[in-house]
Amino acid sequence: MRLRRITAVVCTLALCLGFSVRPVCAVNPDETQKNAEQAAAAVQKLTPVDVSFSDGGAVPEEMTGAQMDGESVRIDEEGHLTLTLEAAPGVYALQIEYDPLPNSTQNIQLALTLDGEAPSHAAENILLRRRWRDKAGAQREDSRGNDIRLPQEEIPFAERGWLTAMVTDSTGYENGPLLFTLKESQTLGITVIQSALRIRRLRFVQPEQPVPYEQYAAAHADAADAVVSLEPVEAELAAWKNDPTLFAISDRSTPATTPSKGTKISLNIIGGEKWTVAGSTLAWDMQVEESGMYEIRLRCRQNYSQGFYATRSLQINGETPFMEAENLRFVYKRGWQVLALGDRDGTPYKFYFEAGQSYTVSLTVSLGDFAALLGRTTDCIQKLNEIYRQLLMIMSASPDGYRDYNLDELIPDTIGEMRLQAAELDGIADQVLTVSGAAGSDLECLRKLAIQLRTFAGDTGKIASNFSLFKDNIAALNDWVADAAARPLDLDTIQLAAPGSAFLPADTGFFNRLWYGIKLFFASFFEDYTSLDALSDETDEVITVWSVSGRDQASIYNDMIRSFYQPLSKQSYGKTVGVQLQIVAADTILPSLATGNGPDVLMGAGVGQPVD
């Protein structure tokens, strides 16, 4: 009897302290199911299931907004098709061979169903990306010698052929491919949410993990280390990218960044804050003259996230060479560094390349060890929003802090959920600390919200007076997820280097940097960095256009002027009109107009400025 009483007291204290009978750290059910499916898939050997739409291949049973197109099936935007799929029961990954139609610039979004139901939330929003490159033959400099951002163009089908992609989670919160549990027979449905495409083949394959690096190195134990390093490749001259916003940007912090134009603007690096979306890829074509093992060295900079690291995954010819290449870490450092891709102890990995063959080396944004944590945090935010809505229905948006709303009696389940989510947030914060190895202000929003939830659950009378603060803390947590998922990385060069060879210097000496800074200082009095013009051709008339936007947006205006306005001005106005585009501060517009020094056209002005 005494033992039962002690047990009851302990259970009561545990509930009051916010403990629950849920699994430790409230493991994400989707993640648990995925781990179980991977374990089950590893036991059995599955035969790939090919669905080919070429002549004599599969024919969809139902098509809406879709039609057979020779060796493929074409599906327009909002189109849909269904077909019967027969397979050996098991867990599969899915490869899609596709061609994005050039009638849009947006990526393709698909939704897949099995027997009329989505097998997972991620299957409702599958992303298939296009491939882009810098437009060939575009003007690279303005009349002052400053680099101009090159327009991007989609690589045509005649050059790239069919694209093959493994279906993954578009949010990046799940590492590896999406898994589909197939029966002996089921109905597969494909709906195009955005952008038309052609599909030539669907291939369900058994998911396989890349081999560990030790096994990869053992398989190439007979290959000798290369003797001669290749010349570094400028990272901004990527062979292709799957995001048109990944264009070259400028770095003038040091003369060591190549190419350097001194006091002129040089677009000499790529990445930065534009290279943060999970799945965004940069690729470079390489060819070696000597077969053997090489190191992959990067001149890079990760000075954005102190206490955290950026994660990228490496592929060679579209395949991950070994398991560790899926989770390459780039730790925080204030300046540029030259490093060889390697393990966390700094030991470089060696990659085998064969002479005479062409290789495509690519780096893709991934969330690495943070993927599951951010997925759990997103689920937590959804539950916190539901808690907020429950409280909002009872107390309104501006509750009376002196009124007792009897929340314990009206919504006891919601109060209990507060304790569960407090424990979940603490668990997430502990794991983030374990993964990152550093504590900082990034964890403050997690801890603060957990404390607030426990306070609310322990004394519901405090909810009304702190309701707006609760809303702000949820918004802060949402911002934290967005910031944690975006880990920028700057790239200057990529090189296949002979193991053991000397590293290229990451920066120049102190006096070189000092002299470089002095030249930039004096050049700021003479160089015009605010003007972008399209005056390379002979013009009959020149107009002045002011823009109050940033340089990136002004570069887009300049591309449009050079590509459309100036070439068509001859047939529209009977003369060629050039444009002098200048970037100005908003507070200089009215004084300039008052003195008669205004532009011919003003873009980006506020709605009240024309009245002024």
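Note that R131 lies in the cation-pi zone of W240, set by a 6.0 Å cut-off to the ring centre and a 45° limit from the axis. Cation-pi geometry between R198 and F157 is satisfied (NZ or CZ under 6.0 Å from the ring centre, within 45° of the ring normal). The cationic group of R200 does not satisfy the cation-pi geometry with F53, failing either the under 6.0 Å distance to the six-membered ring centre or the 45° limit from the ring axis.
In this structure, N317 has no side-chain hydrogen bond (donor to acceptor under 3.5 Å, both in side chains) partners at least two apart in sequence or on a different chain. Remark: Y98 engages no residue in a side-chain hydrogen bond (donor to acceptor under 3.5 Å, both in side chains) (not counting sequence neighbours). F456 meets the ring-ring contact (aromatic ring centres under 6.0 Å, His included) test with F470; sequence neighbours excluded. With sequence neighbours left out, the side-chain hydrogen bond (donor to acceptor under 3.5 Å, both in side chains) criterion links D169 to T171. Every residue meeting the ring-ring contact (aromatic ring centres under 6.0 Å, His included) condition with Y213, not counting sequence neighbours, appears here in chain and number order: F322, Y349. Take E208 and apply the side-chain contact (heavy atoms from CB on, under 4.5 Å) test, not counting sequence neighbours, and it matches K45. Taking the ring-ring contact (aromatic ring centres under 6.0 Å, His included) definition, one finds that F330 meets it with nothing, sequence neighbours left out. Taking the side-chain hydrogen bond (donor to acceptor under 3.5 Å, both in side chains) definition, one finds that T245 meets it with D243, sequence neighbours left out. The side-chain contact (heavy atoms from CB on, under 4.5 Å) test applied to N473 returns K448, L449, Q452, L469, not counting sequence neighbours.
Between L46 and P89, the shortest heavy-atom distance links the atoms CD2-O, 3.7 Å.
Look at D50 and R201 and you find a salt bridge, because one of the NZ, NE, NH1 or NH2 atoms lies within 4.0 Å of a carboxylate O, short of that distance. Under the 4.0 Å criterion applied to side-chain N and carboxylate O atoms, E424 and R376 are assigned as salt-bridge partners. One finds a salt bridge joining D426 and R454 here, because a Lys/Arg side-chain nitrogen approaches an Asp/Glu carboxylate oxygen to under 4.0 Å. Contact check on E97 versus R203 returns no salt bridge, with no Lys/Arg side-chain nitrogen under 4.0 Å from an Asp/Glu carboxylate oxygen. With respect to R74 and D99, no salt bridge is recorded, no charged nitrogen being found less than 4.0 Å from a carboxylate O.
The number of heavy atoms from other shown groups lying within 6.0 Å of CD (E354) is above 12. With a 6.0 Å radius and a threshold of 12 heavy atoms from other residues, nucleotides or ligands, E386 has its CD atom above the threshold.
For N107 and Q194, the side-chain atoms include no donor-acceptor pair closer than 3.5 Å.
The one candidate from F353, F351, Y352 that meets the ring-ring contact (aromatic ring centres under 6.0 Å, His included) condition with H220 is Y352.
Within the structure, salt bridge (Lys or Arg N to Asp or Glu O under 4.0 Å) pairs that include any residue of residues 102-129 comprise D115-K183 (at least two apart or interchain). Screening residues 375-397 for ring-ring contact (aromatic ring centres under 6.0 Å, His included) gives Y388-F467 as the qualifying pairs, with residues at least two apart or on separate chains.
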Residues 61-68 side chain polar contacts: donor-acceptor under 3.5 Å, at least two apart:
residue : atom : partner : partner atom : Å
E61     : OE1  : T84     : OG1          : 3.3
E61     : OE2  : T84     : N            : 3.4
E61     : OE2  : T84     : OG1          : 2.3

